[in-house]
There are 2 protein chains.
Amino acid sequence: MAAPEEPRWLSDEERKAWLATAAIMITLPAALDARLQQEANLTFFEYMVLAVLAERDDRTMQMSDIAAGVSASLSRLSHVVAKLEKQGLLCRSRVPGSGRRTNATLTDAGHAKVVAAAPDHVAAVRDYFMDALEPADVATMQRVGMAVARCINPARPFFHGATR
Amino acid sequence: MAAPEEPRWLSDEERKAWLATAAIMITLPAALDARLQQEANLTFFEYMVLAVLAERDDRTMQMSDIAAGVSASLSRLSHVVAKLEKQGLLCRSRVPGSGRRTNATLTDAGHAKVVAAAPDHVAAVRDYFMDALEPADVATMQRVGMAVARCINPARPFFHGATR
DNA sequence: TCGTTGAACTTGACGCTTCAACTATAGGGC
DNA sequence: GCCCTATAGTTGAAGCGTCAAGTTCAACGA
């Protein structure tokens, strides 16, 4: 169950690349959380959920699809959606006659919340991430991100909109 | 306090790059945690702490330096180190005559633990991350990671070893 | 038509992280 | 010597995320 005989250690270059990536994974979400928290009283994850719904014409999506869209477990989503529903930012409704499916729909208050939070969030994404990239890096990050997602979960090909 | 007048929205390419990066931030730590959990009963963060100590000749570092090395708050580190100490993987000692400084030292058990966990952890880093990179991406990820870290915290130029 | 299986959530408990105090020590200023 | 501030860590409470179990519904087989 452990690794084979002699593990392929990381080269020095690989190790540096990995440590730098690990630093992103640890600090970037924290930084974005802090900004959203003080500007809109939302977590990064909550924002992603609202944003993904706001992109839909009918502001509605099934729970599982949201979960796939924000790369999270259904359980985590369920807790967060319950909280957002209690705040009146969205509401849930069972789809009758189709198993246990549940739709979440953004309320007007929820939509207003995303619209209000978006400008500063986008600015934060630029400040902490996008501005650190050179032009050619944008395409690289997209390719690498999707490749990593595929490695981690080959089953779920990653959701991404389906809108527009 | 909100953004200026007209926010600079993300272009379509930037948006895709950002979503892919966000997916990494959400799924990669979870995947590594899962592997370390079942192979060594450690979290990714606990592993990082032990690993950073193991690289030192005397297996010893000051709390603040460890915190900087693993990009974490002192509070978080304190809780985790307390837990690791309870498990006998490291021990703390005050440095007399130099303020409130505390050193953490890896015990033999702790060293054995990292050595045992390392091969599978490295394999996991390859499986989920390194193997998704093309050769040229390694240098890019290192540069981008360090640039992002600088954007988020210009004060702390990022620690990285100082060993060897 | 009854029981079983599988899908789609929900829930509760537990552990980890964060935040805001709080403590202890050293280094001045006067 | 005494106070003031800064530095370095610790601690407890509150909130978030994860895991395992539970619930509800549809579909299918006998």
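Below, chains carry the letters A, B, ... as their sequence lines are ordered, and counting in each starts from 1.
For DNA chain C, the span of nucleotides reached by chain B at under 4.0 Å from its heavy atoms goes, 5' to 3', from C:dC16 to C:dA26.
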Atom pairs under 3.5 Å: protein N/O with N/O of nucleotides 21-27 of chain D:
residue : atom : partner  : partner atom : Å
D:dT24  : O4'  : A:Arg100 : NH1          : 2.9

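B:Arg126 places a side-chain N or O within donor-acceptor distance of the main-chain N or O of A:Trp9, the cut-off being under 3.5 Å. Of the possible donor and acceptor atoms, none in the side chain of B:Lys113 sits under 3.5 Å from a partner among the backbone N and O of B:Leu42. With hydrogens and angles disregarded, a donor-acceptor distance shorter than 3.5 Å links the side chain of B:Thr107 to the backbone of B:Gly88. Looking only at distances, no side-chain donor or acceptor of A:Ser78 sits under 3.5 Å from a matching main-chain atom of A:Leu74.
Residues passing the salt bridge (charged side-chain N to carboxylate O under 4.0 Å, His left out) test with B:Arg101, sequence neighbours excluded: none. Annotation: salt bridge (charged side-chain N to carboxylate O under 4.0 Å, His left out) contacts of A:Asp58 (sequence neighbours excluded): none.
Classification of B:Arg76 and B:Glu46 as a salt-bridged pair fails, no side-chain N sitting under 4.0 Å from a carboxylate O. For the pair A:Glu14 and A:Arg8, the salt-bridge criterion is not met [side-chain N within less than 4.0 Å of a carboxylate O].
We find that CG of B:Leu74 is positioned 16 Å from P of D:dG12, with the value rounded to whole Å. Atom CZ of B:Phe44 is separated from atom C1' of D:dT18 by 18 Å (rounded to the nearest Å). Going from atom CG of B:Asp65 over to atom P of D:dA8 covers 9 Å, rounded to whole Å. The CE atom of B:Met63 sits 10 Å away from the P atom of D:dT11 (whole-angstrom rounding). The distance from atom CZ of B:Arg101 to atom P of D:dT10 is 14 Å, rounded to the nearest whole Å.
Less than 4.0 Å separates DNA chain D from at least one heavy atom of each of the following residues of residues 77-87 of chain A: A:His79, A:Val80, A:Lys83.
Nearer the 5' end of DNA chain C, as judged by each residue's closest nucleotide, is the contact made by A:Ser75, out of A:Ser75 and B:Phe45.
Here B:Thr102 lies in heavy-atom contact (under 4.0 Å) with sugar-phosphate atoms only.
Rounding to the nearest 0.5 Å places CZ of B:Arg15 at 5.5 Å from CG of B:Leu19.
In plain terms, the two heavy atoms of B:Ala54 and B:Val114 that are nearest each other are CB-CG2, 4.4 Å.
Evaluation of the salt bridge (charged side-chain N to carboxylate O under 4.0 Å, His left out) test over residues 89-100 of chain B, restricted to residues two or more places apart or in two chains, returns B:Glu85-B:Arg92.
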